[in-house]
Amino acid sequence: MIRSLARLLRMLLAAAVIVAAAPVSLVAGGSAALAWRAGWPPGRLYRAALYCVPMLAVWLAATAVATRSAAQVAAAPYLAWLAMWHHGAAGSYPVAAAVIAPAAIPAGLAAGGLAWSYRIRSMQTGSGGLSPDAAIAFDLRQWRHQARSARARIAAPGAVPLTTRSGDLVAGAVIRVVGHPARQIASIPYARMRSHQVVVGTTGTGKTTLLLRLWAGFMATGLRRHAAGQGRPPLIVVLDCKGGADARRIADRARRVLRLAGARSTAIWPDEASLCLWALPPAQLTTTLVDLVEHGTGAAAYYADVMEAVVGLAVTAPGGPPASAAEFLARLDPGWLAAAYSSAEHQAELALVRSASRQLVDVALRFRTLLRRLGAGLDGPGGFGDADAWYCILEGTAEVSVAEAQARALVDLLASFAVHGPGTPGRAGGDREILLAVDEFSAVSRRLPVWQLYERARSLGLAVQVSAQSWPGLAADEDERYRIAAAADGGIWLLRTPYPEPVAALAGTRKITDTSRRLLGIPVWSHQGTSRIRQAPVVDPDLIRALDVGQAAYIYRGGVTYVQVKRLVTAPAALPTPVPAPSAAQAVAPQRAAPAPRRLPDVGPLLDEAFGTEPAP
Amino acid sequence: MYGVQLDHLAAALGVNEAHARRIAARWRARRYAESARLGPGSAWTWLTRTGLAACGLPYAAAPPALGRLAHIRAVAAVRLALESAPRYAAGGGYWRSERRLRARMGGRVGLREHIPDGEVHWPEDAPVPWAGECWAIEAELTPKTARRTVAIMRELLTRTGDYGCPAAEIRAAAPPRHARVIYLCAPAARPVVARAREALGAPAARIEIRRLPPGAALAPPGGTP
């Protein structure tokens with residue numbers, strides 16, 4: 001009985017204080033309700049209160065000037081409060097509000113922030129709420145509110161730029177943060193795009209939208225830095241290892257998006273552009289060519305050695321390395337090689353040619369088949385330096401073995417470009433800041449494991465961005481997957497996926513307070529309970545499984561930022577000519593037959609009329 | 001067109017120079033145009049911001065650059081000569097100036113990119129054999145290096161997309177934008193252009209070389225053009 005009376009008295013006292021401080025209470029209640037509705041963190045209300053401080057300072061300064069008394073300045077809030085009640089009693093509500101506003105708004109916002117912070121903390125620790133599942137309902141509701149605010153923010157024109165003024169890449173609007181600074185806009189520094197990143201998300205979750213945004217941001221910032229003399233020009237190389245019509249659609253989107261970001265040219269390989277495998281340095285060319293061919297084990301190892309020797313002879317022949325597939329195949333002939341090494345100083349090589357002459361026919365046959373299947377995409381003119389971005393489509397779904405060989409060759413070409421440059425003497429290869437983005441690389445990684453690609457890229461100064469539809473899609477085995485994820489020092493982007501646990505675990509755990517209370521009967525709780533500190537995962541796998549389209553979790557340094565990704569809007573594509581996706585057989589056929597030259601009509605009469613007749617030569 | 005000299009303005013309007021001077025004065029009075037003697041020969045006239053707005057042209061208003069006066073005059077002469085040809089009128093040819101092409105690109109002209117001095121577009125249904133074609137026009141007053149000229153020719157002949165168009169419209173397999181390139185050369189520049197055309201190989205058939213029309217040269221100091 002006495003306890004109930006004491007509780008009633010406390011409540012009455014609190015109500016009296018709230019009524020007495022009505023202006024502050026109103027602002028506090030309104031701001032806390034707004035923060036609840038919009039899913040804001042308390043910090044936002046504190047900042048708003050801070051922004052009102054100049055208003056308070058001006059008001060106090062005006063009071064000081066008018067009264068010339070320090071006591072009057074100190075008593076100004078109290079006097080304003082009294083004046084407010086007087087005006088209110090007289091029915092002058094606007095005047096009453098204006099009189100108290102300079103003091104009440106900052107104080108109310110700060111009080112609202114404190115109240116909202118107390119509410120969040122009590123729900124997180126399990127010590128608040130009327131019903132036992134109040135904390136769970138609160139969290140789910142807050143997620144909905146935060147997601148709605150983030151969606152509204154990305155829908156506002158100009159609210160989410162591609163990059164910030166300082167060159168950070170903006171991915172979208174922040175939904176929620178854990179262990180990261182609370183911001184409205186989710187941005188990552190350019191330096192993180194120069195490190196390795198991992199992106200995991202199933203089809204239809206907005207993975208491509210996120211990747212396009214990151215690529216465009218990398219291109220825009222890279223070009224800006226280059227123009228300011230702070231860095232080298234950027235180069236993006238995308239290896240789409242799925243292939244098919246979908247890859248071509250994405251390639252078209254990538255081209256438009258990168259164009260808007262400032263890229264002058266985006267080459268789509270092998271549909272519209274080609275690379276020259278034969279531009280590799282001779283030693284590297286030999287290794288690449290040998291690695292492109294499947295070798296067996298056991299007795300086949302001997303055959304592999306013979307092949308390597310023969311390819312080495314053909315590539316490093318005295319006349320210089322071959323310039324095309326046709327020239328290389330022509331060299332795989334005992335007669336050609338014997339003639340090339342016929343001089344006196346090449347006796348050892350000549351002996352090698354003679355001893356391998358029986359296998360030469362088989363070697364030539366294998367390479368003829370391989371190069372025919374690889375297609376003209378690696379046999380044409382061109383290099384990575386010719387465009388600002390390359391979108392390479394590998395038919396990893398339709399023709400795995402061809403795509404594997406192409407992937408190997410492309411990576412070797414890129415590595416050579418990074419080291420030696422575009423073949424210009426004296427021009428270092430390191431003159432581009434390269435981002436290599438590989439999608440579903442595990443489909444073609446039999447010849448070149450992804451972690452090897454990682455290691456190689458790290459040594460060459462390339463940034464690698466590996467994306468996959470699922471954790472198993474990252475690499476062939478678990479060990480390799482963990483090696484990739486652990487080396488992602490630029491962060492991990494996690495979109496909705498059915499099995500996020502391994503990636504979520506990489507974010508680590510954090511300490512949270514867990515409180516248990518005694519329920520006397522809903523909604524009455526006893527004042528007895530215990531609190532303990534326990535470890536909880538930073539990333540909630542269930543939340544990842546429930547992410548909506550366009551929502552992503554960015555995991556970095558033991559924290560996570562949930563982002564509503566802003567889609568880049570580009571100009572509509574030109575109506576495409578309906579070209580069927582090339583089958584494997586078509587993909588390896590010669591790419592473009594030269595169109596028959598059309599006979600142009602004679603314009604001589606018009607030019608004669610305009611500019612006079614030409615004198616006879 | 002960045003600006004025009006009085007004799008060319010008179011030719012364009014089909015009046016004599018005195019009449020053209022009065023017309024230019026009226027434009028000046030209405031603040032549509034500015035006139036000044038920028039170099040040898042008659043005065044230059046160019047549109048002000050008000051004049052450009054009145055014509056609906058989205059260009060930045062500026063007087064013709066002094067270093068480009070000779071080139072601007074040559075291009076104007078080429079345009080006038082072409083537009084005065086009966087076959088041009090019959091075919092409904094349309095001149096698209098370098099200034100318009102640059103405006104379409106919105107200041108995003110790269111260092112390596114070359115913009116022709118003009119384009120001539122022929123309607124698809126024009127009663128001329130070259131209907132539907134787009135020509136690039138180049139006026140050459142001074143010789144560049146043959147290598148540079150070859151590079152420009154190649155770029156013009158292989159370009160597929162419009163200037164300032166969305167990237168998706170640029171397709172490697174699409175037919176080239178310029179069916180042919182018409183070079184109008186001063187005597188000094190002609191040998192280099194001819195050599196560059198020789199070096200092109202098969203595409204050389206799409207290059208036409210002609211002399212600049214009379215009146216294309218800037219008047220020598222103290223003389224008349």
Side-chain angles (χ1 to χ4, degrees), chain A residues 223 227 233 249 251-274 380 382 386-389 391 570-577 579 591-615 617, chain B residues 77-91 93 108-113 120 122 128-133 135 137 139 160-162 164-176 179-180 182-185 190 194 202-203 205-214 216:
Chain A
L223 288 172
R249 259 197 309 277
D252 189 49
R253 268 181 78 190
R255 169 181 277 172
R256 282 182 281 140
V257 159
L258 291 173
R259 173 89 172 180
L260 281 184
R264 282 167 44 85
S265 52
T266 300
I268 297 178
W269 184 95
D271 294 8
E272 298 176 10
S274 58
D386 295 347
D388 291 333
Y391 198 98
T570 59
L575 285 176
T577 316
V579 180
Q591 292 297 305
R592 287 186 294 273
R598 186 169 66 92
R599 192 174 173 78
L600 289 169
D602 183 20
V603 294
L606 167 67
L607 299 181
D608 286 347
E609 274 180 9
F611 307 114
T613 51
E614 284 288 286
Chain B
V78 169
R79 181 174 179 176
L80 287 173
L82 204 52
E83 288 178 345
S84 65
R87 279 187 173 82
Y88 183 91
R108 295 192 300 274
V109 184
L111 285 175
R112 288 174 287 171
E113 202 158 7
V120 175
W122 299 95
V128 287
W130 50 86
E133 290 186 358
W135 301 351
I137 308 291
T160 56
D162 194 358
C165 71
E169 285 179 17
I170 302 172
R171 292 177 186 279
R180 60 185 96 218
I182 315 288
Y183 268 87
L184 287 312
C185 300
R190 182 158 184 151
R206 291 161 54 202
I207 304 269
E208 293 280 347
I209 304 177
R210 292 293 174 127
R211 287 170 302 177
L212 278 168

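The model shown is predicted, which means the values in this text are computed figures rather than measured ones. Protein chains get the first letters and strands the later ones, always in sequence-line order, with residue 1 at the start of each.
Side-chain atoms of B:Arg210 never come within 3.5 Å of backbone atoms of A:Phe611 as a donor-acceptor pair (strictly under, hydrogens ignored).
Between B:Leu82 and B:Val120 there is a side-chain heavy-atom pair separated by less than 4.5 Å.
Looking at B:Val128, neither its backbone nor its side chain comes within 4.5 Å of chain A, counting heavy atoms on both sides. Neither the backbone nor the side chain of B:Pro203 comes within contact range of chain A, judged by heavy atoms closer than 4.5 Å. For chain B, the nearby part of A:Asp602 is the backbone; its heavy atoms alone come within less than 4.5 Å. Heavy-atom distances place the backbone of B:Ala205, and not its side chain, under 4.5 Å from chain A. Only the backbone of B:Ile209 comes within contact range of chain A, with at least one heavy atom under 4.5 Å from a heavy atom of that chain. Only the side chain of B:Arg180 comes within less than 4.5 Å of a heavy atom of chain A; its backbone N, CA, C and O stay farther away. The part of B:Ile182 that comes within reach of chain A is its side chain, from C-beta onward, which places non-hydrogen atoms under 4.5 angstrom from that chain.
Remark: A:Tyr391 engages A:Asp240 in a side-chain hydrogen bond (donor to acceptor under 3.5 Å, both in side chains) (not counting sequence neighbours). Listed by chain and residue number, A:Glu614 satisfy the side-chain hydrogen bond (donor to acceptor under 3.5 Å, both in side chains) test with B:Arg190 (two or more places apart in sequence, or in another chain).
Scanning both residues, A:Arg264 and A:Arg259, for their nearest heavy atoms gives O-NH1, 3.4 Å.
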